[in-house]
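Scroll down for the structure; my scribbles are underneath it.
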Amino acid sequence: MEETKELIQQRCDKLNEIREFGVNPYPHHYEPTHTTSVIHRDFADVQETPAETQRIRIAGRIMTKRDHGKSSFAHLQDSDGRIQIYVRRDKVGAEPYLIYRRFDIGDIIGVEGVVFRTRTGELTVLADVVQLLSKSLRPLPEKWHGLQDKQTRYRQRYADLIMNPEVKNVFIKRTQIVQAIRDMLNARSFIEVETPVLQPIYGGASARPFTTYHHTLEQSLYLRIANELYLKRLIVGGFERVYEFSRDFRNEGMDRNHNPEFTMLELYQAYADYLQIMELTETLIAHTVERVHGTMKIPYQAHEIDFTPPWCRLTMVDAVREFSGIDTLSLSADELYTEAVNAGIGLAGDESKGEITAELFDAFVEPKLIQPTFITDYPIEVSPFAKKKPDNPEFVERFEFFISGMEVGNAFSELNDPVDQRQRFIEQANRLERGDEEAFMVDEDYLRALEYGMPPTGGLGIGIDRLTMLLTNQHSIRDVILFPQMRPES
RNA sequence: GAGCCGUUAGCUCAGCAGGUAGAGCAUCUGACUUUUAAUCAGGUGGUCACAGGUUCGAUCCCUGUACGGCUCACCA
């Protein structure tokens, strides 16, 4: 901040000079009649002669300024574009022009005038009145290269958005994606609900939580790692189709696929199983892609992703066999352990067959799944809330889907047998005691809810940040989160 | 958590067998009423991320620290 002292001081001086003209540099309101994009659209046919019959007012930020003695050109930027303005001393008056000369790049101004086209063919607002709406004291980055430094762009997203308007499009798309999903779920009679972020017992996923403390209650609370168990309580209560866009918090590493807080869509549908949820997933994503892009095939990094249903379906065991050559079913636990270690998987030695299978999957299969793919039938050990397969209790009715080597969603036929669920909780509690920081505690209230009886239910979670990355062709989660988590500056 | 790379003017970047720094844009002064990377003339602006070390001398070499980027490992 101290380095820019001189430049800021110069602007403060101008600010005072403007005040000495009797002008309020921070007025309370302005009423634009047009945005820049509307001008470009409505005045596309205007020629060099100004369209005198139609006066317009626009408001925006000065992005360039070219002074020519008694006249000046500048570009204004507003929410949806830029337009050039032309300010002449003989049009605005001598004193207003003196004030205008004290405007800087970055100032927000209002301009009233008529639209014409310059000799070089650029649509331009010929100003009668220019009015300062907000004085900028801090210089913007340079016009030519803009703001490149990623650190500054993430820390000062406001400056990033000013200088790199295409960044705004990513976040507009993010909103459209959420809106498309919401519209479709609403159309299918899902109810959007809100459940606690502060939870006395965290659960519904395997992750280290953030812990906080409530002084009045004198108790520790956890920021939710998932909202799964609350939504299923609502299914018990008789909401048969619920969903929530849930900000979840996980106290784990950060990289281009992980931010400590992230957004997950979770939905639950009574009387559905995971196969129906699979169809819903395909439809939901495909319709969202089509609504946002107008096509089902979109580029992501080096690939073209085709979201057209039906997507490829593969059981986890088949996928591991296909990609690693290891047939997990035919091996004993000891043999599988040896095979996995030989294949370069780091194991502690106390893993079960199911856990080793999941490790093999992560190592050999996940990075290869570029086109949308459902992986089904997970080992029970890694799926504490999913219903067992009727014909094989070592596996559960669960799927995850992968795109571009990234896990995007997770779903299962929800476990609604309270006795079975209690056993699974006890297993997790044992892991917690053994030091597994991602295991969780027994949630007695959730078990009580299940004891009242939960209908057969299918549930789904979709990582909204990752889906947005895919649909906006962004490489890092930080590029789809407006204010990504950063270490404190110096 | 590990490896590699980066941090120089407001921004984007040069630079240097080690001899305390440059460009463009921005900014300031002057000229200029259809420019658009406006143009022309002249200026201001830097603890070269921070702290140590080596050296007569460090922006440059060495060590450490901070922040960031990329890759890998774990997790959504």
Strictly below 4.0 Å, N to O, side chains only: are A:Arg117 and A:Glu122 in salt-bridge contact? no
In this structure, how many angstroms lie between the P atom of B:U7 and the CG atom of A:Asp149, rounded? 11 Å
Is it true that A:Glu279 and A:Arg313 make a salt bridge, defined as a side-chain N closer than 4.0 Å to a carboxylate O? no
Between B:U39 and B:A21, how far is it from one P atom to the other, in whole Å? 29 Å
Do A:Thr315 and A:Ile375 touch side chain to side chain, with heavy atoms closer than 4.5 Å? no
Could you tell me whether A:Glu112 and A:Arg55 make a salt bridge, using a distance below 4.0 angstrom between a side-chain N and a carboxylate O? yes
Given B:U12, B:U71, B:U27, the nucleotide with the shortest approach to the side chain of A:Lys14: B:U27
What is the distance, rounded to the nearest whole Å, between atom CZ of A:Arg256 and atom P of B:A73? 11 Å
Among B:U27, B:A76, B:U34, which nucleotide has an atom closest to any side-chain atom of A:Glu407? B:A76
Counting only side-chain heavy atoms from C-beta out, which of B:G10, B:C28, B:C67 sits nearest to A:Arg155? B:C67
Check every strand shown and say whether A:Met486 touches a base, only sugar-phosphate, or nothing at a heavy-atom separation below 4.0 Å. sugar-phosphate
Strictly below 4.0 Å, N to O, side chains only: are A:Lys135 and A:Asp104 in salt-bridge contact? yes
Rounded to whole angstrom units, what separation is found between the CD atom of A:Gln9 and the C1' atom of B:G45? 14 Å
Measuring only the P atom in each nucleotide, how far is B:U7 from B:A14? A whole number of Å is fine. 8 Å
Does A:Arg89 make a side-chain donor-acceptor contact with the base of B:U33, cut-off 3.5 Å? no
For B:U44 versus B:G24, give the span between their P atoms, rounded off to a whole number of Å. 14 Å
Just wondering, do A:Phe262 and B:A76 stack (centres under 5.5 Å, planes under 30°)? yes
Taken to the nearest whole Å, CZ/A:Arg119 to P/B:U33 is 13 Å
Looking only at atom C1', what distance separates B:C13 and B:C28, rounded to whole Å? 23 Å
A:Leu7 side chain, from C-beta outward: closest of B:C28, B:U34, B:G10: B:G10
From B:C32, B:A38, B:U34, nucleotide with atom closest to A:Lys143 side chain: B:A38
Measure CG/A:Asp67 against P/B:U35 and give the value in whole Å, please. 15 Å
Determine whether a donor-acceptor pair (one donor, one acceptor, N or O, separation below 3.5 Å) exists between the side chain of A:Gln151 and the base of B:U7. no
Check every atom of B:U33, B:A37, B:G69 against the side chain of A:Trp144 and return the nucleotide holding the closest atom. B:A37
Can you check the distance between B:C61 and B:U54, where both ends of the measurement are the C1' atom (answer in whole Å)? 8 Å
Applying a 4.0 Å non-hydrogen cut-off, can you work out what A:Glu438 is touching in the nucleic acid: base, sugar-phosphate, or nothing? sugar-phosphate
Out of curiosity, A:Glu17 CD to A:Arg102 CZ, how far, rounded to the nearest 0.5 Å? 4.5 Å
C1' atoms of B:U59 and B:A37, separation to the nearest Å: 30 Å
Whole-Å distance between B:U7 C1' and A:Lys150 NZ? 16 Å
Do the numbers put A:Lys65 on top of the ring of A:Tyr100, so that NZ or CZ is under 6.0 Å from the six-membered ring centre and no more than 45° off the axis? yes
Just checking A:Gly146: base, sugar-phosphate only, or nothing, at a heavy-atom cut-off of under 4.0 Å? sugar-phosphate
Side-chain atoms of A:Gln10 come closest, of B:U12, B:U27, B:A76, to B:U27
Verify stack between A:Phe73 ring and B:A38 base, 5.5 Å, 30 degrees: no
So, does the side chain of A:Arg66 form a donor-acceptor pair with the base of B:U35 at under 3.5 Å? yes
In whole angstrom, what separates A:Asp255's CG from B:A2's P? 16 Å
Nearest of B:G24, B:C28, B:U33 to any side-chain atom of A:Asp90? B:U33
Touch check for A:Phe116, heavy atoms < 4.0 angstrom, all strands: base, sugar-phosphate only, or nothing? base
In terms of side-chain geometry, is the basic nitrogen of A:Arg224 or A:Glu244 positioned less than 4.0 Å from the acidic oxygen of its partner? yes
Looking only at the side chain of A:Ser71 (C-beta and beyond, no hydrogens), which of the listed nucleotides B:U33, B:C74, B:U35 gets closest? B:U33
Atom pair distance, as rounded to whole Å: CZ in A:Arg117 and P in B:U35: 15 Å
Between B:U55 and B:C25, how far apart are the C1' atoms? Round to whole Å, please. 38 Å
Taking the same atom, P, in B:G22 and in B:C16, what whole-Å distance lies between them? 14 Å
